Amino acid sequence: GAVVSQHPSWVICKSGTSVKIECRSLDFQATTMFWYRQFPKQSLMLMATSNEGSKATYEQGVEKDKFLINHASLTLSTLTVTSAHPEDSSFYICSAGLAGGPNEQFFGPGTRLTVL
Amino acid sequence: DAKTTQPTSMDCAEGRAANLPCNHSTISGNEYVYWYRQIHSQGPQYIIHGLKNNETNEMASLIITEDRKSSTLILPHATLRDTAVYYCIVRVGGGNQGGKLIFGQGTELSVKP
């Protein structure tokens, strides 16, 4: 149980285009989901906290107009990288907390974004 | 959330116990210690967490010192598949599944044949 999926697993796009990444909790409901970014040989960096039915809370230094987050249901959050540029190339990972359950969060497998 | 300090890397022989230390000297009374690991190019995997008592599950054991300023994650019989980066994180828990996790640099564990 407690499986989180991401789609797509990898994407290559041209500079200037927008890319949408989906994060789904498959067998549980998550009122809160988190989005992280990880550059090669670095740790995960929290980008934003996504709450179902409300605006996301962004970490300092993360542009909310560039990284659009929507959490429309208890099982789905999306991250849209708008007008992507090569420096946005990274590994994007989401996580979801189990509402009413134990304290741990469950992570998706990640999405590798490459912007040409 | 309190800051944690971990060794950058460790080696362990296959079949032996891997003991991964973590210092969290500024931990608050309501902060839990969490351990996650990340195998290359995958999402992190939850291992274990605890408040002040030692904990054990099917993956590992967590030993927390009495003053809670440090802890040790123990993989009792390490296998090659345990090669990963291990992250020790402290944060407020207590049913707050909305609490964010702040990752440090972690310990890169290499299990060798």
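Because the structure is a prediction, the values reported are computed rather than measured. Note on naming: letters A, B, ... go to the chains in the order of the sequence lines (proteins, then strands), and numbering restarts at 1 for each one.
- Residues of residues 79-87 of chain B lying within less than 4.5 angstrom of chain A, judged on heavy atoms, are B:Tyr87 in numerical order.
- Residue pairs meeting the side-chain hydrogen bond (donor to acceptor under 3.5 Å, both in side chains) criterion with at least one member in residues 36-47 of chain A, sequence neighbours excluded, are A:Gln38-B:Gln38.
- Clustering ILVMFWY residues whenever any of their side-chain heavy atoms sit less than 4.5 angstrom apart, transitively, puts A:Ile69 in the very cluster that holds A:Val11.
- For residues 103-113 of chain B, heavy-atom neighbours of chain A at less than 4.5 Å comprise B:Phe103, B:Gly104, B:Gln105, sorted by residue number.
- In terms of heavy-atom proximity, A:Ile93 sits nearest to B:Gly43 at CG2-CA, 4.4 Å.
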Show me the donor-acceptor pairs, under 3.5 Å and distance only, between side chains in residues 107-116 of chain A and residues at least two apart or in other chains.
residue  : atom : partner : partner atom : Å
A:Thr111 : OG1  : A:Gln6  : NE2          : 3.2
A:Thr111 : OG1  : A:Pro8  : O            : 2.6

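- Hydrophobic cluster membership is shared by B:Val90 and B:Leu62, with clusters built from Ile, Leu, Val, Met, Phe, Trp and Tyr side chains linked at under 4.5 angstrom.
- The cluster map of Ile, Leu, Val, Met, Phe, Trp and Tyr, joined by side-chain heavy atoms under 4.5 Å apart, puts B:Ile74 and B:Ile47 in different clusters.
- Looking at A:Leu46, only its side chain comes within 4.5 Å of chain B, counting heavy atoms on both sides.
- Inter-residue side-chain proximity for B:Leu101 and A:Ser95 is flagged as unmet; no heavy-atom pair is nearer than 4.5 Å.
- In this structure, B:Tyr36 is a member of the same hydrophobic cluster as B:Tyr32, with clusters built from ILVMFWY side-chain heavy atoms closer than 4.5 Å.
- Taking a 6.0 Å sphere around NZ of A:Lys66, one finds it holds more than 12 heavy atoms contributed by other residues, nucleotides or ligands.
- In the hydrophobic cluster analysis, where Ile, Leu, Val, Met, Phe, Trp and Tyr join through side-chain heavy atoms closer than 4.5 angstrom, A:Leu76 is grouped apart from A:Phe106.
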